[in-house]
Amino acid sequence: MNYWLMKSEPDIFGIDDLRERPRQTEPWDGVRNYQARNMLRDQMRRGDHAFFYHSNCKEPGIVGIMEIVREGYPDDSAWDPKSPHFDPKSTPLQPRWYKVDVRYQLKLRRCITLQELKRHPELAALPLLKRGNRLSIMPVTPDQWRRILILE
DNA sequence: GCCAACGTTGGC
DNA sequence: GCCAACGTTGGC
């Protein structure tokens with residue numbers, strides 16, 4: 001099983017929004033970065049687990065866990081002119097962007113903040129903590145996954 | 001193919 | 001709201 005960390009701005013779509021969705025499931029769409037796209041399309045597998053990370057907010061950090069329930073398929077928001085993620089270069093015949101479906105699994109008892117993660121030298125290799133990293137989806141090793149969870 | 005300009009991300 | 005860091009665009 002693979003592990004991941006996926007960022008979302010809670011003001012737009014937070015963990016509570018996911019939990020309140022029908023079947024607690026939602027397509028993770030709108031990703032417009034090629035590196036992240038490749039992970040969505042090529043590497044994520046059904047049953048993989050992912051941290052839900054709240055970004056660009058008062059208390060950035062990991063707030064919960066979700067599961068990948070559908071593997072990469074074309075992100076149709078790219079060919080919707082009304083979507084904020086519209087990309088005219090992506091078409092149904094030649095989709096450029098992909099999404100997966102995620103399902104809510106649990107909320108951590110507390111937010112494990114970015115500030116706290118930075119204090120742990122054993123997590124220094126987390127892409128999240130690398131200088132200038134702006135990827136909205138990134139891999140987490142099984143060891144990192146375990147070390148983060150015991151912080152809770 | 002270089003690289004300056006521009007837009008975006010996201011912590012602070 | 002600031003701004004560092006990075007990705008993308010497009011002229012040449």
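Throughout, a chain's letter reflects where its sequence line sits, starting with A, and its residues are numbered from 1.
- Put simply, CG on A:D87 is 8 Å from P on C:dT9, counting in whole angstrom units.
- The existence of a salt bridge linking A:E152 and A:R110 is excluded, since no basic side-chain nitrogen approaches an acidic carboxylate oxygen closer than 4.0 Å.
- Separating the CG atom of A:N133 from the P atom of B:dT8 is a distance of 19 Å, rounded to the nearest angstrom.
- If you check every strand for non-hydrogen atoms under 4.0 Å, A:K130 touches nothing.
- Position along DNA chain C of the nearest nucleotide to A:R134 versus A:K89 favours A:R134 as the more 5'-ward residue.
- Computed from coordinates, the A:L128 CG to B:dG10 P distance equals 10 Å when rounded to whole Å.
- Distance, A:F13 CZ to B:dG10 C1': 19 Å, rounded to whole Å.
- Screening A:H85, A:K82, A:K99, A:R32 for a side-chain hydrogen bond (donor to acceptor under 3.5 Å, both in side chains) with A:S77, the sole residue that qualifies is A:R32.
- Between the CG atom of A:L135 and the P atom of C:dT8 there is a distance of 10 Å, rounded to whole Å.
- Taking CD of A:Q24 as the start and CD of A:Q105 as the end, the distance is 10.5 Å to the nearest 0.5 Å.
- Remark: A:R131 is in phosphate contact with C:dA5, judged by side-chain N or O atoms under 4.0 Å from OP1 or OP2.
- In this structure, the nucleotide among C:dT9, B:dG10, C:dG7 sitting nearest to the side chain of A:N56 is B:dG10.
- What separates NZ of A:K7 from P of B:dT8 is a distance of 17 Å, to the nearest Å.
- Rounded to an integer number of Å, the gap from CD of A:E9 to P of B:dG11 is 9 Å.
- In this structure, A:W145 and A:H49 have tilted ring planes: the angle between them lies in the 30° to 60° band.
- In this structure, A:Y53 reaches the B:dG11 phosphate: one of its side-chain N or O atoms is under 4.0 Å from OP1 or OP2.
- Following rounding to the nearest Å, A:N33 (CG) and B:dT8 (C1') show an atom-to-atom distance of 11 Å.
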